[in-house]
Amino acid sequence: MQDSANSLTMDGYSSNVPAFLTKLWTLVEDPETNHLICWSTNGTSFHVFDQGRFAKEVLPKYFKHNNMASFVRQLNMYGFRKVVNIEQGGLVKPERDDTEFQHLYFLQGHEHLLEHIKRKVGTEFQLHLLF
Amino acid sequence: MQDSANSLTMDGYSSNVPAFLTKLWTLVEDPETNHLICWSTNGTSFHVFDQGRFAKEVLPKYFKHNNMASFVRQLNMYGFRKVVNIEQGGLVKPERDDTEFQHLYFLQGHEHLLEHIKRKVGTEFQLHLLF
Amino acid sequence: MQDSANSLTMDGYSSNVPAFLTKLWTLVEDPETNHLICWSTNGTSFHVFDQGRFAKEVLPKYFKHNNMASFVRQLNMYGFRKVVNIEQGGLVKPERDDTEFQHLYFLQGHEHLLEHIKRKVGTEFQLHLLF
DNA sequence: GGCGTTCTAGAATATTCGTGG
DNA sequence: ACCACGAATATTCTAGAACGC
């Protein structure tokens, strides 16, 4: 697993996509883990089922941690937003443990769009940006 | 449960409508619960019949509580007003348990108007509003 | 389960301790759930084992959610700090899923100290604090 | 210097309780 | 007695900050 930002993808071409995004893409695509993380039906978002198992079983295979919270922090750093379903949120919880995230440029079948997903920079006054 | 403003509705398009309003809309529209909550005849208000059953059976499917009072508090937070019936006041109470609420922008057949319904903010001097 | 701040505790005396703190105390004390949440050996902190099971099995019995993240947010709101263990960080994962939190006034055998734990208020200029 | 991981906080809505017109 | 609202806590989603690499 490549950790560098300037890496060779599995397809063999050079890219400037951060490791998190290529790993996320691989994760969502991988049919072996579709029961824990997979594309939504229309391919415009992805679902994580059973956060606990996902965190403990899948995350450490790609990242240096096994915490859902760290995974979510990265998603937000890259501009992903949680998709809220009104089905959730009741006192009664018939639904399975289902978390959904979406990004304008994270679309099934359009891997090249990953290059448009940018990591957010700190909001602290960036002196170096003036020069 | 995030009841955030940036959510995808069940129709799959992005909206800025708070969860309470989309849930309320769904609730009133749902034919399954028309005996407990439904549109008025002309579609300019909605009725709740049998507060007790509505609170215990319907509310917990969408909200994290089963109290009519909490539901009403939210309605007021969003500017809904109770429609007062003349029939009140008699010692006898022949009428069925019927509560009616109304809002200028809550109209049957005009879901897009939900975006005009604004939640009230605290009255405690909002510093950020000055900038 | 009492949710009010001004409630009668199980011991029967009145208190001004927020529901979160009394629930947390009950949770940690309860021997039934010691395998998921319990006091540390010296009683100055508490441990949560197996976040996933704790969140899904224990939290909803006391709170209106089943998310570890919401539980942690409340802990931080009340000034609890995570106790960091040296053992963390290895790629190998010999240790069990163990999360530890501590607060100066959360001490086994001293329930009355809960009254000194204060919830943090918003940082947005609190006008009423000037009067 | 940008990226990754962790812990804590910000901000908006949600739920509860009480009070005043 | 009723209805609208203030205020405090609770829940959720996102961001700040510190640190290491």
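Chain letters run A, B, ... following the sequence lines, proteins first, then strands; residues in each count from 1.
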With the side chain defined as heavy atoms from C-beta on, A:Lys82 is closest, among D:dA14, E:dT14, E:dA4, to E:dT14
B:Tyr62 OH to D:dT15 P, straight-line distance once rounded to whole Å | 14 Å
Want to settle it: does C:Val72 or B:Asn66 sit nearer the 5' end of DNA chain D, counting the closest nucleotide to each?
-> C:Val72
Atom CG of C:Leu24 and atom P of E:dA10: how far apart are they, to the nearest Å?
-> 11 Å
When you measure from the side chain of A:Pro18, which nucleotide among D:dT16, D:dC3, E:dT14 comes out closest?
-> D:dC3
Between D:dT5, D:dT16, D:dA14, which nucleotide has the shortest distance from any of its atoms to the side chain of B:Ser70?
-> D:dT16
Between E:dA8 atom P and C:Asn16 atom CG, what is the distance in whole Å?
-> 13 Å
Look at the aromatic rings of C:His103 and C:Phe80 and report parallel, tilted or perpendicular, splitting at 30° and 60°.
-> tilted
So, the side chain of A:Asn42 versus the backbone of A:Thr44: is there a donor-acceptor pair under 3.5 Å, distance only?
-> yes
Protein-nucleotide distance (C:Met68, atom CE; E:dT11, atom P), rounded to Å = 14 Å
OP1 or OP2 of D:dT15 less than 4.0 angstrom from a side-chain nitrogen or oxygen of B:Asn67, does that happen here?
-> no
By nearest-nucleotide position on DNA chain E, the 5'-leaning member of B:Phe80 and C:Ala69 is B:Phe80
Report which part of the nucleic acid C:Tyr78 touches: base, sugar-phosphate, or nothing (heavy-atom distance under 4.0 Å, all strands).
-> sugar-phosphate
Between B:Arg119 and C:Arg81, whichever has its closest DNA chain D nucleotide further toward 5' is C:Arg81
Which of E:dA7, E:dT11, E:dT14 is nearest the side chain of B:Arg73? It is E:dA7
With a 4.0 Å cut-off on heavy atoms, is C:Phe71 in touch with a base, just the backbone sugar-phosphate, or nothing at all?
-> nothing
To the nearest angstrom, how far is C:His103 atom NE2 from D:dC7 atom P?
-> 18 Å
Quickly work out the A:Leu59 CG to D:dT5 P distance and round it to whole Å.
-> 9 Å
So, for C:Phe46 and C:Leu24, which heavy atoms are closest and what is the spacing to 0.1 Å?
-> CZ-CD1, 4.0 Å
To the nearest angstrom, the CG-P distance between A:Leu75 and E:dA15 comes to 12 Å
Taking CZ from B:Phe63 and P from D:dT13, how many angstroms apart are they, rounded to a whole number?
-> 15 Å
Give a yes or no on whether A:Met68 and C:Phe49 share a hydrophobic cluster (residues Ile, Leu, Val, Met, Phe, Trp, Tyr; joining criterion: side-chain heavy atoms under 4.5 Å apart).
-> no
Nearest-nucleotide check on DNA chain E, B:Phe101 vs A:Met77; residue mapping nearer the 5' end is B:Phe101
Select one nucleotide: of E:dT14, D:dC7, E:dT11, the one nearest the side-chain heavy atoms of B:Lys64.
-> E:dT11
A:Leu91-C:Val58 co-clustered via ILVMFWY side chain contacts under 4.5 Å | no
Heavy atoms only: give me the nearest B:Val28-B:Asn34 pair and the separation to one decimal.
-> O-OD1, 3.8 Å
Closest listed nucleotide, where the reference is the side chain of B:Gln74 and the choices are D:dT16, D:dA14, E:dC3 | D:dA14
The side chain of A:Asn76 lies closest to which of these nucleotides: D:dG4, D:dT15, E:dA15?
-> E:dA15
